[in-house]
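Everything below concerns the one structure shown next.
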2 protein chains.
Amino acid sequence: MSYTLDKIDTQILAILQKDSNRTTKSIAKELGMTTSPVFERIKKLEKEGYIKKYVAVLDNKKVGLKLTVFIGITLQGHTRSYLEKFVTEINNFPEIAECHRVSGNYDYLLKLIVEDIQAYETFLISKLTLLPYLGNVQSLITLSTGKETNEIDLSRV
Amino acid sequence: MSYTLDKIDTQILAILQKDSNRTTKSIAKELGMTTSPVFERIKKLEKEGYIKKYVAVLDNKKVGLKLTVFIGITLQGHTRSYLEKFVTEINNFPEIAECHRVSGNYDYLLKLIVEDIQAYETFLISKLTLLPYLGNVQSLITLSTGKETNEIDLSRV
DNA sequence: CATGAAAAAGATAAGCA
DNA sequence: TGCTTATCTTTTTCATG
């Protein structure tokens, strides 16, 4: 099913996850090849799903979204239908960037990005706390962020 | 200092954060304009820092990184030099995707992406727990992920 | 913001190791 | 099969009105 990545493939992925505007020519030069094989490998990586998409990374704060909050949630029931319904509702909120089911102190960990504390409170009151079967809710307000990347470590794959 | 985004700018940002391979031509068509104003706006958005970069989004699991863990950490001291040293060390670990200083139950919340539980344990033993002034460490192992995006909600900016 | 031309990049094809 | 070289097409980029 899944085609195996060689060294060159991972090098290409490492380059593109840092900067997808790099031309095939410049990548080829860096890897000591010509453009065609690089081009074909990239197409293959896209087709096989190793590359999911290409996106512009925006500056949250510049566009007015200055607050990141992580929210740890426990539910009052754990039946399958509860969980599915909860996830569906959560995913529909545009403020929610991530929703993970976790083991440990919480059932779910959410990452939310909003304008400010006011907007967060509005979200809590008018959206989150209206969900049924909601148990405990703990907020971790981000004070500052030292690192925040989508790049994944390809050095060992 | 900061130039104000109009409706068209935010539309362009919304399009590019979903798919940065869209041509200016196709964006122009969607917005009912010609290519040059769209082109100029994009350049401006890049120059002003609204667009930080363009990246390829990879499929973590396909490249062999199947486990995401959030780690809540408290430190044993809160002096400024402690915090700075801690953040510097953490940021150098390639397994760490995010490092946030938070208020609430923890001092720091980390997001880590690794191969599997073994790799996570190795990280804990050979890297994280070697840091001095480390207090309590709580792991939230991701069981499944309902939503995980970098797209931010531009509907209200 | 429109037009249009030059430069660059993307994409494809024929042939070689 | 995977690379090279060469060619063609599309997009980007920019000057001018």
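Per chain, numbering begins at 1; letters A, B, ... match sequence-line order. Hydrogens, waters and symmetry mates play no part in the numbers below; they use all other heavy atoms, side chains included.
- Note on P37(B): only backbone sugar-phosphate atoms sit closer than 4.0 angstrom, heavy atoms only; bases stay farther off.
- As rounded to whole Å, 15 Å separates atom C1' of dA11(C) from atom NZ of K47(A).
- F93(A) has its side chain out of reach of K147(B): every pair of non-hydrogen atoms, C-beta onward, lies at least 4.5 Å apart.
- Contact of T35(B) with dT12(D) (side chain to base): no donor-acceptor pair of N or O atoms is detected under 3.5 Å.
- Between L134(A) and F86(A), the closest side-chain pair of non-hydrogen atoms falls below 4.5 Å.
- Whole-Å rounding puts the L31(A) CG to dC3(D) P distance at 11 Å.
- Looking at V55(A) and Q17(B), their side chains never come closer than 4.5 Å, going by heavy atoms from C-beta outward.
- For M33(A) and dT1(D), the CE to C1' distance is 13 Å, given to the nearest whole Å.
- As rounded to whole Å, 9 Å separates atom P of dT12(D) from atom NZ of K43(B).
- When heavy atoms are screened at a 4.0 angstrom cut-off, T23(A) is found touching the sugar-phosphate backbone but no base atom.
- Here the side chains of T145(A) and T68(A) are not in contact, with every heavy-atom distance at 4.5 Å or above.
- In this structure, S36(B) and I8(A) both approach DNA chain D, and ranking their closest nucleotides by distance from the 5' end singles out I8(A).
- Across all strands, T24(A) comes closer than 4.0 Å only to sugar-phosphate atoms, never to a base (heavy-atom distances).
- To the nearest angstrom, P of dT11(D) lies 12 Å from CZ of R22(B).
- In this entry the distance linking OH of Y54(B) with P of dA9(C) reads 16 Å, nearest Å.
- Between R41(B) and the phosphate of dC1(C), there is a side-chain N or O to OP1/OP2 separation shorter than 4.0 Å.
- Rounded to whole Å, atom C1' of dG10(C) lies 12 Å from atom CD of E46(A).
- No more than 12 heavy atoms of other residues, nucleotides or ligands shown are found within 6.0 angstrom of OH on Y82(B).
- Of the listed nucleotides (dG10(C), dC3(D), dA6(D)), dG10(C) has the atom at the smallest distance from the side chain of F39(A).
- Sequence order on DNA chain C of the closest nucleotides to E40(A) and K25(A) puts K25(A) first from the 5' end.
- Nucleotide dA8(C) holds its C1' atom 13 Å from the CG atom of N21(A), rounded to whole Å.
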